[in-house]
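A short worksheet on the structure shown next.
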Amino acid sequence: MIKRIIKLENSNKRYISINIIILFFILIVNDCSIILPVEILSLNNYQINNNHPHSNFINNCFCNELFAIFELGSPIQKVPLLLKENNIKYEISSSIFQNNISSIPFSLKYNMSNLLKLYDFFNENFSSTFKTEGCKKVERMLEDHEQNCFSTDIFYFFEDANTKNKKEYQNLFFNLVKNKKDNVTGEIGLGLMDKYGNSKNNLLKLLKNKKIINNYNWYLEFESINDTKGKLILGALPHEVFPNKYSEKDLVYTSIIIDSFYKKYYQIEFDEIYINSTSLSSKVVEISFEKNVIIGTKELQNLIDEFIINKTCSYQKFNLPPFHSLPLTFYFCDKTLKEIFCNFLPSIKFISKELNYTFEITKEEIFEIGDNYIYLKILFPYEGTRWTFSRSMTLKYPFVFNSDSTDIGFYRKKNEISKERKDNYFLKYSIKFLIIIIFSFVLIILGIIIGKKIYGIRRKSRANELIDNYEYYSNENNKDINKENIFDKNKRSLNFRNLIEMKININK
């Protein structure tokens, strides 16, 4: 009976202590996200034909892609990976070129020599922790590289908003590709996942499966739209990482418009789009971070064609592969017509009832002045059926994406860091830190108390066993004694119990 009681008490105390540990763990590990430094690829890292008469304007539109900095290997190599919005591939290119298998002609899009003065082109032979299953030749015709090498290595990710503290993750998977067509160092696809496609080679899926992140949320964070450096946050919402800037109550969602089975875009539909008092009928807009140029519709292009008649304005078409497979058209006027051109197109307003918000492209975002011309910073494809917001618009209005969702999130208000919000931020995390300290202290005290209780119960149990054994053997050896001897035996038993309890007290 005594042993059963001891076991029951021990199990109850163990159950309580496990719950306390779990609660303590939840308080410490409440966010699972990683933060990657992001930069804009500068113009000198592109290989472009500058013979076009308006090449400066064209280059400013297209030569500013984003790349994230990955740290991997032993010793660490810092590798820039281009961010792509319309695919889900996760590839790191090998700097070791395979001459014996080369058949893909290299494009002249990039010249990474300037970037690689600051960062690394990954060399697997330099990493002592690199492992691979081996390399296989790519069979599909449309691939832009010749070999896939399914590999693992050590990665280092930032876990704080200030990008100060890094955490090491061993044996993380990545696809090492060889003989990349554009000779780039790698890329990260952040597009919408296809449940019918192969999602093994996807960064967000990999991180979530490894429980490094909790979900597929991601977004870009720049201090201002003119900054060349920012952050890519994976696995969290803005108000969770930057509570001093964003509030959960300002977060709203709207549905993504899927109009193609083969290619999916982060695009939403607005209720109304206005230029001055003119309402436009094409209302689908792609939210883009890859391009820093607005793409317009055929409907708007027709209005502009009417405007430039009999004015010192013109347009030109250009084809800039591999940037765009079809010709793009841009418009420009003599700089003396700046006021007239701006009055014709002072702003474009996009109204969403679901988000309860009006987005506006201002004239400062629509026009650019260069040399002797004023340029319209809206480009038009051959058949423009939908709009595309530029990266500056995506950063101006804080959107949050989820690669496995059918919704796009948006914060209706992006707060400045006021003294009051700083104080609230400090108070919130001071209280959280204090709670963690208190629970740590309580956990230690409970551990000591429970340990003493268990140790004391065991000692008393041992004492009781000795007493029972003593009484048992005494009874076996004295079955036929008289009542007087029985009294003497009980007296001796009582004395023996007292001696054991005295010994226990002394040991305490």
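Atom set for the values below is all heavy atoms of this structure, side chains included, hydrogens, waters and symmetry mates excluded.
Between Phe57 and Tyr375, the ring-plane angle classifies as parallel under the 30° and 60° cut-offs. Ring planes of Tyr373 and Phe332: perpendicular class, angle over 60° (limits at 30 and 60°). Aromatic ring pairs are classed by plane angle as parallel below 30°, tilted from 30° to 60° and perpendicular above 60°; the pair Trp218 and Phe401 is parallel. Ring geometry, Phe359 versus Phe410: the interplanar angle falls from 30° to 60°, so the pair is classed tilted. In this structure, Phe70 and Tyr90 have tilted ring planes: the angle between them lies in the 30° to 60° band. The aromatic rings of Phe344 and Phe341 sit parallel, their planes meeting at an angle under 30°, below the 60° perpendicular limit.
Glu65 and Tyr46 are linked by a side-chain donor-acceptor pair at a separation below 3.5 angstrom, with hydrogens and angles left out of the test. Side chain to side chain, Glu272 and Ser279 meet the donor-acceptor criterion of an N or O pair below 3.5 Å. When only modelled atom types and interatomic distance are considered, Ser352 and Glu354 share no side-chain donor-acceptor pair under 3.5 Å. Asn226 and Ser224 share no side-chain donor-acceptor pair at under 3.5 Å. Residues Asn217 and Asn402 have side chains that bring a donor and an acceptor to within less than 3.5 angstrom of each other. No side-chain donor-acceptor contact under 3.5 Å links Thr297 and Ser282.
Using a 4.5 Å cut-off on side-chain heavy atoms (C-beta onward), Leu192 and Tyr266 make contact. Taking 4.5 Å as the limit, every side-chain heavy atom of Leu395 sits out of range of all side-chain heavy atoms of Tyr397. Asn215 is not listed as a side-chain neighbour of Leu204, based on a closest heavy-atom distance of 4.5 Å or more. The shortest side-chain heavy-atom distance between Val400 and Ile408 does not fall under the 4.5 Å cut-off. Taking 4.5 Å as the limit, some side-chain heavy atom of Leu172 sits within range of a side-chain heavy atom of Lys210. Counting only heavy atoms from C-beta outward, the side chains of Phe289 and Leu83 approach each other to under 4.5 Å. Asp271 is not listed as a side-chain neighbour of Lys283, based on a closest heavy-atom distance of 4.5 Å or more. Residues Tyr219 and Val241 are in side-chain contact: their nearest non-hydrogen atoms beyond the backbone lie under 4.5 Å apart.
Proximity of a side-chain donor or acceptor of Thr394 to a complementary backbone N or O of Ser288 within less than 3.5 Å is detected. Listed for the Asn45 side chain is no donor-acceptor partner under 3.5 Å among the backbone atoms of Leu41. A donor-acceptor distance shorter than 3.5 angstrom exists from the side chain of Asn87 to the backbone of Lys89, with no hydrogens or angles considered. Judged by distance alone, the side chain of Asn114 and the main-chain N or O of Asn44 form a donor-acceptor pair under 3.5 Å. Within the 3.5 Å criterion, the main-chain N or O of Ile257 finds a donor-acceptor partner in the side chain of Gln267. Within the 3.5 Å criterion, the main-chain N or O of Cys149 finds no donor-acceptor partner in the side chain of Glu133.
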Practice problem: Tell me, with the steps shown, if Glu85 and Lys291 meet salt bridge (Lys or Arg N to Asp or Glu O under 4.0 Å). | Solution: CA-CA 10 Å; Glu85 61 192 26; Lys291 299 179 278 289; 3.3 Å; yes
Quiz prompt | ring pair (Phe, Tyr, Trp, His ring centres under 6.0 Å) between Phe350 and Trp387, intermediate numbers included | solution = CA-CA 11 Å; Phe350 300 77; Trp387 297 82; 5.4 Å; yes
Practice problem: Report the C-alpha distance between Glu365 and Lys377 in whole Å, list the side-chain angles of each, state the deciding distance to 0.1 Å, and finish with yes or no for salt bridge (Lys or Arg N to Asp or Glu O under 4.0 Å). | Solution: CA-CA 7 Å; Glu365 294 161 331; Lys377 290 172 62 178; over 6 Å; no
Practice problem: Could you go through the side chain to side chain contact (heavy atoms under 4.5 Å, CB included) check for His145 and Asn179 one step at a time? | Solution: CA-CA 5 Å; His145 58 277; Asn179 290 18; 5.7 Å; no
Self-check item: Steps toward side chain to side chain donor-acceptor pair (under 3.5 Å) verdict (Glu39, Tyr119)
Solution: CA-CA 12 Å; Glu39 296 184 25; Tyr119 301 109; 2.5 Å; yes
Quiz item: What do the steps show when you test Leu81 against Ile69 for side chain to side chain contact (heavy atoms under 4.5 Å, CB included), and what is the final call?
Solution: CA-CA 6 Å; Leu81 304 183; Ile69 303 160; over 6 Å; no
Quiz prompt | Verdict with reasoning, Leu237 to Tyr411, per side chain to side chain contact (heavy atoms under 4.5 Å, CB included) | solution = CA-CA 10 Å; Leu237 294 167; Tyr411 286 82; 3.7 Å; yes
Quiz item: Can you check side chain to side chain donor-acceptor pair (under 3.5 Å) on Tyr246 and Glu240, steps first, answer last?
Solution: CA-CA 8 Å; Tyr246 304 96; Glu240 295 169 341; over 6 Å; no
Quiz item: Yes or no on side chain to side chain contact (heavy atoms under 4.5 Å, CB included) for Met193 and Ser403, after CA distance, side-chain angles and deciding distance?
Solution: CA-CA 6 Å; Met193 294 182 190; Ser403 296; 4.0 Å; yes
Quiz item: Going through the distances and angles, do Phe174 and Phe155 end up as a ring pair (Phe, Tyr, Trp, His ring centres under 6.0 Å)?
Solution: CA-CA 10 Å; Phe174 67 101; Phe155 284 73; 5.7 Å; yes
Practice problem: Take Glu383 and Lys298 through the test salt bridge (Lys or Arg N to Asp or Glu O under 4.0 Å) and record every step on the way to the result. | Solution: CA-CA 6 Å; Glu383 287 185 3; Lys298 190 68 177 178; over 6 Å; no
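Between Lys245 and Glu221 there is a salt bridge, with a side-chain nitrogen of the basic residue lying less than 4.0 Å from a carboxylate oxygen of the acidic one. Ion pair Glu91/Lys180 flagged as a salt bridge, since at least one NZ, NE, NH1 or NH2 atom sits closer than 4.0 Å to an Asp/Glu carboxylate oxygen. A salt bridge between Arg391 and Glu290 is absent, with no side-chain N of the basic residue lying under 4.0 Å from a carboxylate O of the acidic one.
Put simply, OG on Ser94 and CD on Glu124 are 3.5 Å apart, with the number rounded to the nearest 0.5 Å. Between atom CD1 of residue Ile34 and atom OG1 of residue Thr163 there is a gap of 13.0 Å, rounded to the nearest 0.5 Å. For the atom pair CG of Leu72 and CD1 of Ile154, the computed distance is 9.5 Å after rounding to the nearest 0.5 Å. In this structure, CD on Glu159 lies 9.0 Å from CD1 on Ile35, to the nearest 0.5 angstrom. Interatomic distance, Ser74 OG to Glu168 CD, rounded to the nearest 0.5 Å: 7.0 Å. With rounding to the nearest 0.5 Å, the separation of CG in Asp160 from CG in Asn165 is 4.5 Å.
Across Asn356 and Arg412, no two heavy atoms sit closer than the pair CB-NH1, 3.4 Å. Of all heavy-atom pairs between Thr254 and Ile268, the closest is CG2-CG2, 3.6 Å.
A cation-pi arrangement is present between Arg386 and Tyr265, with the terminal nitrogen or guanidinium carbon under 6.0 Å from the aromatic centre and inside a 45° cone about the axis.
In Glu299, the CD atom is crowded: over 12 heavy atoms of neighbouring residues, nucleotides or ligands sit closer than 6.0 Å. No more than 12 heavy atoms of other residues, nucleotides or ligands shown are found within 6.0 angstrom of NZ on Lys78. By the 6.0 Å contact criterion, CD on Glu339 is open, its count of non-hydrogen atoms from other residues, nucleotides or ligands being 12 or less.
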